[in-house]
Number of protein chains: 2
Amino acid sequence: MTDGTTTENQISTHASSPFVDGYLAYLLAQASSRISREFHREVEASGLSVTEWRVIASLAGSDGESIGTLAQLALTKQPTLSKVVQRMEAEGLVERNGARRDRRQTLVRLTRKGRELADSLCARALRHQQAVLEPFGHDNAALLIGMLKDLIALHPPAAPADDGV
Amino acid sequence: MTDGTTTENQISTHASSPFVDGYLAYLLAQASSRISREFHREVEASGLSVTEWRVIASLAGSDGESIGTLAQLALTKQPTLSKVVQRMEAEGLVERNGARRDRRQTLVRLTRKGRELADSLCARALRHQQAVLEPFGHDNAALLIGMLKDLIALHPPAAPADDGV
DNA sequence: CCGTTTTCCATGAATTTTCATATTTTCATT
DNA sequence: AATGAAAATATGAAAATTCATGGAAAACGG
């Protein structure tokens, strides 16, 4: 569009349907699903589920997050997150309760093992992202990411105990 | 950006995390989740689950889709779709096997009741979409949608029997 | 400071989704 | 045609998610 980069549309080579083809929510969901799936193969090769990957990615570079925050970031309901984190603790990827000021909270953070896995996967994720964005060119890529951030900023996260996977 | 419309970023008022904040796959997933959730309240008020809504939205304006295609469109695995469609048939929203050339296939289409519900919800969905896109302005909105379509076109759907919710 | 309300998390039961696999039909070859 | 491989779906068992709820700590209001 700006230059020789992509932007001439025409939905996929595959399944389409009159209504959804122009429907933003559908396009977001499909794009999310397809882009993620490619990388999820690497994730699962590391022995993680997709939700577990989301958790360690959310914890990367953080000094600890609460269960509630992680549920938001990982797009699951709170009870799901509680159980996922318990599994991950058993596997030695995270530890719970690293000094929290509010004793209702469960503070979760990466163990050394978890951090190493997270760092490795995050690096690979960024390489994957580069490949995905390459056909758009630098400017369009920045535009896309900017608009997605705007969308997110304009729409508040789920109400407590609700989520919205 | 182009004009007075949104595009100055700064992630949400809420939960964020160093790595994911700039990660495309995460931004897509969050945006998808948040935008959809708002409308899903209306969907559930109509007595449909989110997956059921995706199915009737996918069937709107179509004269029938196979189970496999619907699974792609609805972002679920094929066995899930089979069961969802069976529930929907029991509720009188869809009918199965409207003359298919390949007798392995199960052709699914809307009943009158299903079509009425679909039309009503699709109309409301488009109004919701207008509201969501309004702050971006016409040109940026078109750009966003175009880039999402490009992303989708560049990334093929899941291999058979796999999906990638 | 005490009672009330709200927030945050854990847990058991129920539901949903997924995995593994069987069945039926089509396709390709010979 | 007949055989073997591939494709589309259904289904039971297993796993993951969600709902409903409960308990504990914090915040709030006299």
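Only this structure's heavy atoms are used, side chains among them; waters, hydrogens and symmetry mates stay out.
- Listed by first then second residue, pairs satisfying salt bridge (Lys or Arg N to Asp or Glu O under 4.0 Å) with a partner in residues 110-119 of chain A read A:Arg112-A:Glu116, not counting sequence neighbours.
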Strictly under 3.5 Å: I want the nitrogen or oxygen pairs between protein and nucleotides 22-28 of chain D, one per line.
from	atom 1	to	atom 2	distance (Å)
D:dA26	OP1	A:Arg103	N	3.3
D:dA26	OP2	A:Arg103	NH2	3.4

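- Shown here are the side-chain hydrogen bond (donor to acceptor under 3.5 Å, both in side chains) partners of B:Thr80, two or more places apart in sequence or in another chain: there are none.
- Partners of A:Thr51 by side-chain hydrogen bond (donor to acceptor under 3.5 Å, both in side chains), not counting sequence neighbours: none found.
- Note on residues 88-98 of chain B: pairs passing salt bridge (Lys or Arg N to Asp or Glu O under 4.0 Å), not counting sequence neighbours, are B:Glu89-B:Arg96, B:Glu95-B:Arg109.
- For A:Arg87, there are no salt bridge (Lys or Arg N to Asp or Glu O under 4.0 Å) partners at least two apart in sequence or on another chain.
- Residues passing the side chain to side chain contact (heavy atoms under 4.5 Å, CB included) test with B:Arg124, sequence neighbours excluded: B:Phe39, B:Glu42, B:Ser46, B:Ser120, B:Leu121, B:Arg127.
- The bend of the helix from C:dC1-D:dG30 to C:dT30-D:dA1, defined by the angle between the axes of its first five and last five pairs, stands at 40° to the nearest 10°.
- For the side chain to side chain contact (heavy atoms under 4.5 Å, CB included) test, residues two or more places apart in sequence or in another chain that qualify with B:Val132 are A:Leu24, A:Leu151, A:His155, B:Ile35, B:Glu38, B:His128.
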Polar atoms only, N or O, under 3.5 Å: list the protein pairs with nucleotides 12-16 of chain D and their distances.
from	atom 1	to	atom 2	distance (Å)
D:dG12	O6	B:Lys83	NZ	2.8

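- The side chain to side chain contact (heavy atoms under 4.5 Å, CB included) test applied to B:Ala141 returns B:Leu133, not counting sequence neighbours.
- Partners of B:Lys83 under the side chain to side chain contact (heavy atoms under 4.5 Å, CB included) rule, at least two apart in sequence or in another chain, do not exist in this structure.
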